[in-house]
Colleague: 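Here's a structure for you.
Note that ligands are numbered from 1 as they come in the structure, with each ligand's atoms numbered from 1 the same way.
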Amino acid sequence: MTLTRKDFPDHFIFGVATSSYQIEGAAHEGGRGPSIWDTFCREPGRILDGSNGDVACDHYHRWPADLDLIRGLGAQAYRFSIAWPRIQPDGKGAINPAGLDFYERLVDGMLERGLQPYATLYHWDLPQTLQDVGGWANRDTAYRFAEYARVVAERLGERVKSYATLNEPWCSSLLSYEIGEHAPGLRDRRLALAAAHHLMLGHGEAIAAMRDVVPSTGLGIVLNLQPAYPASDRPEDVAAARFADGYFNRWFLDPIFRAEYPADMWEAYGENVPEVQDGDLARIAQPIDFLGVNYYSRSVNGASGNVKPAESSYTHMGWEVYPQGLTDLLVRLKDDYTLPPIYITENGAAYPDRLSGQEVHDPERVRYFQQHLGAVAEAVRQGVSVDGYFAWSLMDNFEWAHGYDKRFGLVYVDYATQQRTLKDSARWYQGLLTGQPEGQLVSGDD
Ligand code: FCB
């Protein structure tokens, strides 16, 4: 399979993505306040390897070299996130000038290197002080978020090419308040659905707060979407897939693009549904300029639980490699919703990489990227408007509850020395982006 830059529209943007808590470190520097992930990591048993983001990739100090690396890959854009507790250590009120200065230097550093800054305002590091009063389960957090968004937009302005309000609200609500795998680690569906509603409201409020401040910058949101397939044609399996689609996808897509919650899910959630006030859905559904889609895998649903197809291959996360799901998802989004242009804001795979000398051979990751980029190109051919693709991730980093054990990077990080080494997949991506034939850069795989 040969994929080239020409398989994508001319205006199509290629980039790499990261997030603040996963790479920055410097948790106690520059006036940063504690976030819910600082707290969570210190609770025994929460993080598989017992680690935390105190140092991570030390990007807070190494950012100039990291931006050079991104430039060296031939990327045109860099998707990064801003840590709310660096901007407002208490989540409200006083602004920390050192925090704004840091992101201003970072954004200017991107512009100096010809990289377009794609900022995400919330990639899960909520100020702990807001969690102390209920976090996203408290409606007030939505308004605090909009205030913070405005502060950032006023300072960084239109130097930023695009602002995404939230990264993956499913994760910061259901995974965090119902499943308990992410901070704050609760197990309560009612609180989780309240959190989801307030996240969505916060998204709408933040868009409204930023619109006039940065009129020509793109504003949008990033969702993790997971196409749900039934394990068989049996009605019970079809119903299970329909529920999974509602739980992961429609619960977030429908409010944003239809100003309503999906009726079947509203009924299924019964007394756990959130309190929705007059005007909330109109606020949530106001126009946005792009939809960010994070895609990793699909689910295969049976009446008695999820199924893992035996013939498939799986990543180090245990996630099925299923590129067709990305084409199916994108085409379905086009058919079911009226959408702004889409960016694939994350896509990638973890494998147990090993450094050998100055090299890391990761043919499975190369294949994953090839196949998924092929799936995007196919969706574009089928008429879906996709404007860009960001590989997750620039470099290995703190993979949340999995700690440092799962490596998603194009670039290998030796955490003892902080040395960065390009994996074969980075060289492959560089080949694609700079127009060199991939075969010259990577050998030993298809
Ligand atoms: C996504 C997150 C990102 C990263 C990848 C593997 O859910 O947005 O931070 O952890 O998964």
Side-chain angles (χ1 to χ4, degrees), residues 15-25 35-37 40-41 46-49 51-53 56-57 59 78-84 118-126 164-179 181-183 196 199 203 220-227 247-249 252 291-299 314-322 325-326 329 343-353 362 364-365 368-369 372 389-411 413 423 425:
V16 292
T18 65
S19 88
S20 48
Y21 190 71
Q22 294 179 276
I23 64 164
E24 282 179 3
S35 86
I36 56 175
W37 275 92
F40 192 65
C41 289
R46 294 297 201 181
I47 310 298
L48 279 177
D49 61 3
S51 65
N52 59 55
C57 305
H59 172 76
Y78 174 38
R79 174 176 180 246
F80 66 107
S81 86
I82 295 172
W84 186 350
Y118 280 64
T120 301
L121 291 164
Y122 185 72
H123 202 126
W124 309 348
D125 34 9
L126 186 75
T165 52
L166 307 176
N167 179 70
E168 303 191 348
W170 178 84
C171 291
S172 29
S173 57
L174 291 148
L175 186 63
S176 304
Y177 287 75
E178 179 181 37
I179 299 173
E181 192 180 313
H182 279 190
L199 278 153
H203 154 74
I221 188 170
V222 172
L223 301 179
N224 54 311
L225 300 176
Q226 197 182 74
Y247 183 73
F248 286 108
N249 306 325
F252 298 90
L291 168 65
V293 172
N294 292 355
Y295 176 82
Y296 289 93
S297 190
R298 66 163 172 175
S299 65
Y314 293 84
T315 70
H316 200 201
M317 297 294 280
W319 297 347
E320 184 189 0
V321 177
Y322 193 69
L326 181 50
L329 169 68
Y343 288 92
I344 306 303
T345 33
E346 286 180 29
N347 176 239
Y351 288 105
D353 304 306
D362 58 344
E364 291 163 302
R365 184 176 292 103
Y368 184 98
F369 281 126
H372 286 78
Y389 176 94
F390 293 82
W392 184 271
S393 178
L394 164 65
M395 56 186 161
D396 298 334
N397 57 50
F398 176 74
E399 180 48 36
W400 308 111
H402 296 272
Y404 294 97
D405 177 50
K406 300 289 186 285
R407 295 180 174 271
F408 272 92
L410 290 163
V411 174
V413 177
K423 301 180 190 176
S425 55

Colleague: Using a 4.0 Å cutoff against the non-hydrogen atoms of N167, which atoms of ligand 1 qualify?
Modeller: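 Taking each heavy atom of N167 in turn, ligand 1 has 8 (O) under 4.0 Å.
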
Colleague: For the residue pair Y21 and F398, categorise the inter-ring angle as parallel (less than 30°), tilted (30 to 60°) or perpendicular (more than 60°).
Modeller: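 The rings of Y21 and F398 stand perpendicular, inter-plane angle above 60°.
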
Colleague: Could you tell me the residue and atom name of the protein heavy atom closest to atom 10 (O) of ligand 1, and the distance to it rounded to 0.1 Å?
Modeller: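 The closest heavy atom on the protein side is E399 OE1, 2.7 Å.
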
Colleague: Atom 1 (C) of ligand 1: which protein heavy atom is closest, and how many Å away?
Modeller: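 For this ligand atom, the closest protein heavy atom is E346 OE1, 3.2 Å.
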
Colleague: For the 3.5 Å polar cut-off, considering only N or O atoms, please tell me whether Q22 and ligand 1 meet it.
Modeller: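 Min N/O separation from ligand 1 is below 3.5 Å for Q22.
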
Colleague: With a cut-off of 4.0 Å, which atoms of ligand 1 are near a heavy atom of W392?
Modeller: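 So the atoms of ligand 1 that pass are 3 (C), 4 (C), 5 (C), 6 (C), 9 (O).
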
Colleague: Heavy-atom distance to atom 5 (C) of ligand 1: which of Y296, W170, F408 wins?
Modeller: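 Among Y296, W170, F408, the closest heavy atom to atom 5 (C) of ligand 1 belongs to Y296.
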
Colleague: Identify the heavy atoms of T120 and T165 that sit nearest to each other, and give their distance.
Modeller: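 Heavy atoms only, the tightest pair is CG2-O, 4.3 Å.
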
Colleague: Please examine the side chains of S19 and W400, heavy atoms only from C-beta on, and report whether any two atoms are closer than 4.5 Å.
Modeller: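 W400 reaches S19 side chain to side chain.
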
Colleague: Looking only at distance, does S19 have an N or O less than 3.5 Å from an N or O of ligand 1?
Modeller: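 S19 vs ligand 1: no N/O contact under 3.5 Å.
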
Colleague: Distance to 0.1 Å, residue and atom name: give those for the protein heavy atom nearest to atom 7 (O) of ligand 1.
Modeller: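 Heavy-atom neighbour on the protein nearest atom 7 (O) of ligand 1: E168 OE1, 2.5 Å.
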
Colleague: Which atoms of ligand 1 are found less than 4.0 Å from any heavy atom of H123?
Modeller: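 Here the atoms of ligand 1 in question are 2 (C), 3 (C), 8 (O), 9 (O).
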
Colleague: Going by heavy atoms, is K406 under 4.0 Å from ligand 1?
Modeller: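 K406 does not count as a contact of ligand 1 under the 4.0 Å cut-off.
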
Colleague: Y368 vs H372 aromatic rings, parallel, tilted or perpendicular, using cut-offs 30° and 60°?
Modeller: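 Rings of Y368 and H372: parallel, under 30°.
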
Colleague: Ligand 1 versus N224, non-hydrogen atoms closer than 4.0 Å: side chain, backbone, both, neither?
Modeller: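 None of N224 does.
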
Colleague: Does the side chain of T345 come within less than 4.5 Å of Y118's, by heavy atoms?
Modeller: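 Counting from C-beta outward, Y118 and T345 never come under 4.5 Å.
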
Colleague: Could you check if a side-chain atom of T315 sits within less than 4.5 angstrom of a side-chain atom of V321, using non-hydrogen atoms only?
Modeller: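 In short, these two side chains touch, coming nearer than 4.5 Å.
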
Colleague: Out of all atoms in ligand 1, which are within 4.0 Å of some heavy atom of W124? Include the element for each.
Modeller: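 Near W124, meaning under 4.0 Å from one of its heavy atoms, ligand 1 has 2 (C), 7 (O), 8 (O).
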
Colleague: Should the pair W170 and Y247 be assigned to parallel (<30°), tilted (30 to 60°) or perpendicular (>60°) ring geometry?
Modeller: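 It falls in the perpendicular class, over 60°.
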
Colleague: Is the Y122 ring parallel, tilted or perpendicular to the W84 ring (thresholds 30°, 60°)?
Modeller: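 If you compare the ring of Y122 with that of W84, the planes turn out perpendicular.
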
Colleague: Check whether any N or O atom of W400, backbone or side chain, sits under 3.5 Å from an N or O atom of ligand 1, and answer yes or no.
Modeller: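 Looking only at distances, the answer is yes, because the N/O contact criterion of under 3.5 Å is met.
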
Colleague: When you look at D362 and R407, which way does the salt bridge (charged side-chain N to carboxylate O under 4.0 Å, His left out) test go after all the steps?
Modeller: CA-CA 11 Å; D362 58 344; R407 295 180 174 271; over 6 Å; no

